[in-house]
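The basis for the numbers below is simple: all heavy atoms, side chains too, and nothing from hydrogens, waters or symmetry mates. Fair warning: this is a prediction, and the values are worked out from it, not measured in the lab.
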Amino acid sequence: MSRTGTTDDGDELLTRLEALTAQARAQAEMQRSRVELAIALQRGMLPRDLPAASRLHLAVRYAPACQGLNVGGDWYDAFALGDGRIGLSIGDVQGHNIEAAAFMGQVRAGLRALASVTSDPGEVLARTNDLLLSLGSDLFATCTFMRLDPCARVLESARAGHLPCVWATADGKSGVTTDEGGPPLGIQAEMPYPVTRYELTTGGVFVLLTDGVVEGPSLPLEDGLDQAMRLAGIAAVAGMDVDALAAALIKGAERVGHDDDAAVLVVGLDGPGAQP
């Protein structure tokens with residue numbers, strides 16, 4: 001009995017398997033390259049330096065998604081305004097890919113440019129919203145923009161569909177902001193964004209974050225915000241360095257149960273006896 005047909009079938013099967021393996025490797029390499037490009041693009045758009053002011057401390061953390069293409073949409077920013085105040089922003093672009101990272105860069109650049117014209121947080125968000133709509137993109141972004149006056153220790157905040165912030169004071173109080181906010185940027189034109197005023201108390205902290213820090217399959221948003229609030233409260237009472245608080249918050253992002261970007265921006269004010 002001849003075995004030629006069986007041998008030929010086996011060779012053909014091996015050839016097909018080799019082709020499929022090569023194709024899978026090529027696709028995996030392409031995906032890895034896209035992830036690396038998105039991470040590089042993302043990191044390149046985050047600020048290298050943070051503004052400084054007497055007794056004021058800023059700390060930031062960013063952790064990209066470690067698997068798949070769930071990277072590219074989150075950002076934080078902090079920059080000096082022309083009147084001595086400081087602009088702060090944090091946000092999240094819908095989608096996680098190179099396009100989202102590029103759109104994030106447009107949002108961040110738009111916020112900075114418009115803040116140089118008018119630093120009122122509500123006006124900054126309203127104008128950025130209209131600018132993004134004029135670009136004709138299908139993407140949108142949630143965002144919080146704040147104007148900080150280091151001398152008066154006042155934070156003025158406006159939200160565009162973004163998560164609330166977390167705050168804590170040195171006397172043991174803590175909470176989550178309850179300001180009204182407006183819709184995400186890039187969805188509907190001529191939308192108002194109400195401004196809420198907060199006082200940054202001595203020894204207190206104010207935390208801006210993205211949902212990758214506090215929400216996921218293993219951690220509902222309410223529980224995640226409670227967790228962040230507890231960490232902020234402990235930090236404020238103990239006089240913990242804002243950098244240590246930012247590190248603890250980004251570490252807690254590992255508990256949310258999904259692969260997503262995570263960004264944190266912490267604002268803190270030293271007590272009167274702190275060393276310069």
Side-chain angles (χ1 to χ4, degrees), residues 39 42 46 57-78 88-96 100 104 107 140-146 155 157-170 172-185 196 198 200 204-238 240-268:
I39 292 175
Q42 174 90 343
L46 297 176
H57 297 278
L58 300 176
V60 293
R61 286 292 189 280
Y62 165 70
C66 297
Q67 297 180 9
L69 290 175
N70 294 332
V71 61
D74 290 18
W75 84 88
Y76 62 79
D77 200 6
L88 306 169
S89 74
I90 196 163
D92 185 0
V93 173
Q94 169 261 336
H96 302 91
M104 177 275 292
V107 179
F140 63 87
T142 66
C143 174
T144 293
F145 184 83
M146 289 187 171
L155 281 164
S157 173
R159 287 194 301 133
H162 199 66
L163 298 176
C165 298
V166 170
W167 59 269
T169 59
K173 297 177 182 178
S174 61
V176 176
T177 58
T178 57
D179 53 301
E180 181 180 353
L185 303 175
T196 304
Y198 303 98
L200 184 61
V205 293
F206 217 89
V207 181
L208 293 72
L209 39 76
T210 61
D211 60 357
V213 181
V214 292
E215 183 181 24
S218 300
L219 190 67
L221 176 59
E222 184 176 347
D223 292 346
L225 288 172
D226 284 344
Q227 175 180 284
M229 187 175 66
R230 287 195 298 271
L231 285 172
I234 293 170
V237 171
M240 184 187 298
D241 180 83
V242 293
D243 197 65
L245 173 57
L249 288 164
I250 209 71
K251 180 68 175 177
E254 298 176 359
R255 304 174 186 171
V256 303
H258 66 76
D259 298 305
D260 197 1
D261 287 354
V264 172
L265 194 163
V266 181
V267 184

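Annotation: side chain of Lys173 is in contact with side chain of Trp167 (closest heavy-atom distance under 4.5 Å). Residues Leu163 and Val213 have side chains not in contact (no heavy-atom distance under 4.5 Å, counting atoms from C-beta outward). Within the 4.5 Å cutoff, no side-chain heavy atoms of Thr196 are placed close to those of Thr177. In this structure, the side chains of Leu58 and Val267 come closer than 4.5 Å at one or more pairs of heavy atoms. A heavy-atom distance below 4.5 Å is found between the side chains of Met146 and Cys165. You'll find the side chain of Val166 stays beyond 4.5 Å of the side chain of Val214, heavy atoms only.
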* Asked: Where do Tyr62 and Asp261 land on the side chain to side chain contact (heavy atoms under 4.5 Å, CB included) test, with the steps shown first?
  -> CA-CA 8 Å; Tyr62 165 70; Asp261 287 354; 3.5 Å; yes
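Scanning for side-chain hydrogen bond (donor to acceptor under 3.5 Å, both in side chains) contacts around Thr142 gives His162, with sequence neighbours left out. By the side-chain hydrogen bond (donor to acceptor under 3.5 Å, both in side chains) test, Ser89 pairs with Trp75, sequence neighbours left out. With sequence neighbours excluded, no residue satisfies side-chain hydrogen bond (donor to acceptor under 3.5 Å, both in side chains) with Ser157. Considering only residues two or more places apart in sequence or on other chains, Phe140 meets the ring-ring contact (aromatic ring centres under 6.0 Å, His included) condition with none of them. Lys251 meets the salt bridge (charged side-chain N to carboxylate O under 4.0 Å, His left out) test with Glu254; sequence neighbours excluded. Residues passing the salt bridge (charged side-chain N to carboxylate O under 4.0 Å, His left out) test with Asp179, sequence neighbours excluded: Arg159.
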Side-chain polar contacts of residues 220-231 - donor-acceptor pairs under 3.5 angstrom, sequence neighbours left out - could you list them?
unit_1, atom_1, unit_2, atom_2, d
Gln227, OE1, Arg255, NH1, 3.2

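Applying the side-chain contact (heavy atoms from CB on, under 4.5 Å) test between Thr144 and each of Ile90, Leu209, Leu265 identifies Ile90 as the sole match.
Listed here is the closest heavy atom pair of Ala263 and Ile250: N-CD1, 4.3 Å. Nearest heavy-atom pair across Cys143 and Leu185 is CB-CD1, 4.0 Å. Of all non-hydrogen atoms in Gly233 and Ser174, the two that sit nearest each other are CA-CB, 4.4 Å.
Between the side chains of Thr210 and Asp92, no donor N or O sits under 3.5 Å from an acceptor N or O.
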